[in-house]
Amino acid sequence: METLRLKDNKEGITAAAEILKADGIVAMPTETVYGLAASAYSNTAIAKVFSAKGRPQDNPLIVHISDMEMLSSVVGEFPATAKVLAQKFWPGPLTMVLPKGEKIASSVSAGLSTVAVRMPSNPVARELIRVGGLPLAAPSANLSGSPSPTSYHHVITDLDGRINAVIMSGECEVGLESTVVSLAATPPRLLRPGFITAEQLKEVIPNLVIDKAVLEELQKGEKAASPGMMYKHYSPKTEVFLVEAEKAEFISFVNSNENCAAICFSEEKDKIKVPVLTLGEEDSAEAQAKNLFGLLRESDNLKVKTVYVHAPKKDGVGLAVYNRLIRAAGFKVIKL
Ligand code: AMP
Ligand code: MG
């Protein structure tokens, strides 16, 4: 199929909304990453999303809403804690898992009784949802397994000819997928870290549990609270290793290796003698989050066998950067 290139203006958004109402699939910008949107009411449309991405059928999707009125058609219940979180963090990069509403297509939540929902802050995404009058299920607009798309160019690289249209808008501000918290679990559980940090959530939910799969590989037979966490993810073609080390150790380690590249902190760049990409300053997890997926894609252009990534700190937004990197590395961590 031909993938239409649409502008992020009124005309483009109207055209995109018409495609979505006819059960088509459209890549849209959000503040986290580009999403591949489809009507959350339509099993037909959702099947196209899974097929275009090559996404495993048991990995449920996040539903995006434009306002609080739309919420009642998505969830079956909206408990008090969810209200407080919505007031504090919506619109924004926080997804809540709640009991599913009846109108939502069963394939959106892969047959589970719960649904993941968020209200994005990106004005183009919100306007598209509002104009279409549909809650939109939208996973990241990449081929399943590859790094998530933070620009429309990444979407075109992965999905040109596989989707009906892409809205050409700016680069994503956050650069990592939303934080996912389950309020259907007791006590509430952080399933995926993101720009809204565990520390911020704990101010509202002091008994929040961080799911084991955030930082560890699940063993065969262990059940995932969030099905998406079972899969290898975010990976370029080049083999990735995560390296936990002090700055001087990291520099001498990569300099003594052959046929490799480094993804390092800005402070280390000048001392590294192999091809190098810069994640951001060590203390700026927000910058690292924004750069990460683009750099993983760029690492394939360096034509090396291996890329060593200096592991960031595991607090605040750093926990989200670390969570994506350890998956990109297929859980291969070198501790120096
Ligand atoms: P993506 O759409 O690629 O950003 O991935 C969505 C993430 O949310 C995946 O890790 C899913 O497993 C998770 N998710 C979506 N719906 C649910 C749900 N109902 N219960 C638990 N996790 C969910
Ligand atoms: Mg994804």
Side-chain angles (χ1 to χ4, degrees), residues 25 27-38 40 46 49-50 52-65 74-77 82 93-101 104-118 120 122 125 135-150 154-155 158-159 163 172 174-186 188-196 209-215 218 222-235 289 292-293 296-297 320 323-324 326-328:
I25 55 175
M28 66 173 180
T30 83
E31 71 276 22
T32 57
V33 302
Y34 271 73
L36 180 56
I46 300 303
V49 169
F50 278 95
K53 281 181 59 75
R55 183 173 174 107
Q57 299 286 336
D58 62 354
N59 191 4
L61 312 180
I62 294 171
V63 177
H64 297 70
I65 57 171
V74 177
V75 300
E77 279 169 49
L94 177 69
T95 296
M96 296 188 236
V97 173
L98 289 162
K100 185 171 99 65
I104 296 299
S106 55
S107 54
V108 166
S109 32
L112 298 172
S113 59
T114 52
V115 65
V117 62
R118 97 173 173 98
N122 181 291
L136 297 178
S140 48
N142 55 325
L143 285 173
S144 202
S146 73
S148 298
T150 54
H154 300 157
V155 177
D158 277 18
L159 298 178
I163 62 178
C172 302
V174 172
L176 291 184
E177 304 82 352
S178 58
T179 306
V180 180
V181 62
S182 174
L183 300 177
T186 321
R189 184 169 282 261
L190 179 70
L191 300 181
R192 178 172 73 185
F195 193 79
I196 308 292
V209 171
I210 299 187
D211 196 84
K212 186 176 164 224
V214 165
L215 287 175
L218 290 178
E222 270 188 287
K223 195 169 175 288
S226 171
M229 291 202 282
M230 290 185 305
Y231 298 106
K232 187 176 177 193
H233 246 108
Y234 320 120
S235 303
L292 175 65
F293 287 135
L296 288 176
R297 282 177 181 264
N323 167 275
R324 304 313 189 271
I326 201 170
R327 283 171 169 73

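The figures here come from the full heavy-atom set of this structure, side chains too, leaving out hydrogens, waters and symmetry mates. For the single chain, residues carry numbers from 1 onward in sequence order. Counting convention: from 1, in listed order, for ligands and their atoms alike. Every value quoted in this text rests on a predicted model; they were computed, and no experiment measured them.
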Heavy-atom proximity to atom 23 (C) of ligand 1, best of P139, P56, A141, P60: P60
Contact check, A225 vs ligand 1, heavy-atom distance below 4.0 Å: yes
Residue portion contacting ligand 1 (non-hydrogen atoms closer than 4.0 Å) for T114: both
N, O or S from Y234 under 2.8 Å to the Mg ion (ligand 2): no
Within reach of ligand 1, part of R192 (heavy-atom separation under 4.0 Å): side chain
Ligand 1 atoms in contact with L191 (distance to a heavy atom under 4.0 Å): 21 (C), 22 (N)
Pair R118 + E31, salt bridge at N-O below 4.0 Å: yes
Spatial distance of atom CZ (R192) from atom CZ (R324) [nearest 0.5 Å]: 5.5 Å
Option from L61, I62, V75 for which side-chain contact (heavy atoms from CB on, under 4.5 Å) with V115 holds: V75
Minimum-distance pair of heavy atoms, taken over all atoms of P135 and I104: CG-CD1, 4.5 Å
Numbered atoms and elements of ligand 1 in range of I62, under 4.0 angstrom, heavy atoms: 6 (C)
From Y234 atom OH to I326 atom CD1, the distance as rounded to the nearest 0.5 Å: 12.5 Å
Backbone N/O of I196 and side chain of T179: donor-acceptor pair under 3.5 Å: yes
Closest non-hydrogen atom pair between N142 and L159, with its separation: N-CD1, 4.0 Å
Side chain, backbone, both or neither: the part of N59 lying under 4.0 Å from ligand 1 by heavy atom: side chain
Proximity to ligand 1 by part of S148, non-hydrogen separation under 4.0 Å: neither
contact_flag S182 ligand 1 heavy-atom lt 4.0 Å: no
Test item: R297 side-chain N/O and P147 main-chain N/O as donor-acceptor pair under 3.5 Å: yes
Heavy atom of the protein closest to atom 10 (O) of ligand 1 (residue, atom name, distance): S226 OG, 3.2 Å
From the candidates E177, R55, R189, the one that places a heavy atom nearest atom 3 (O) of ligand 1: R55
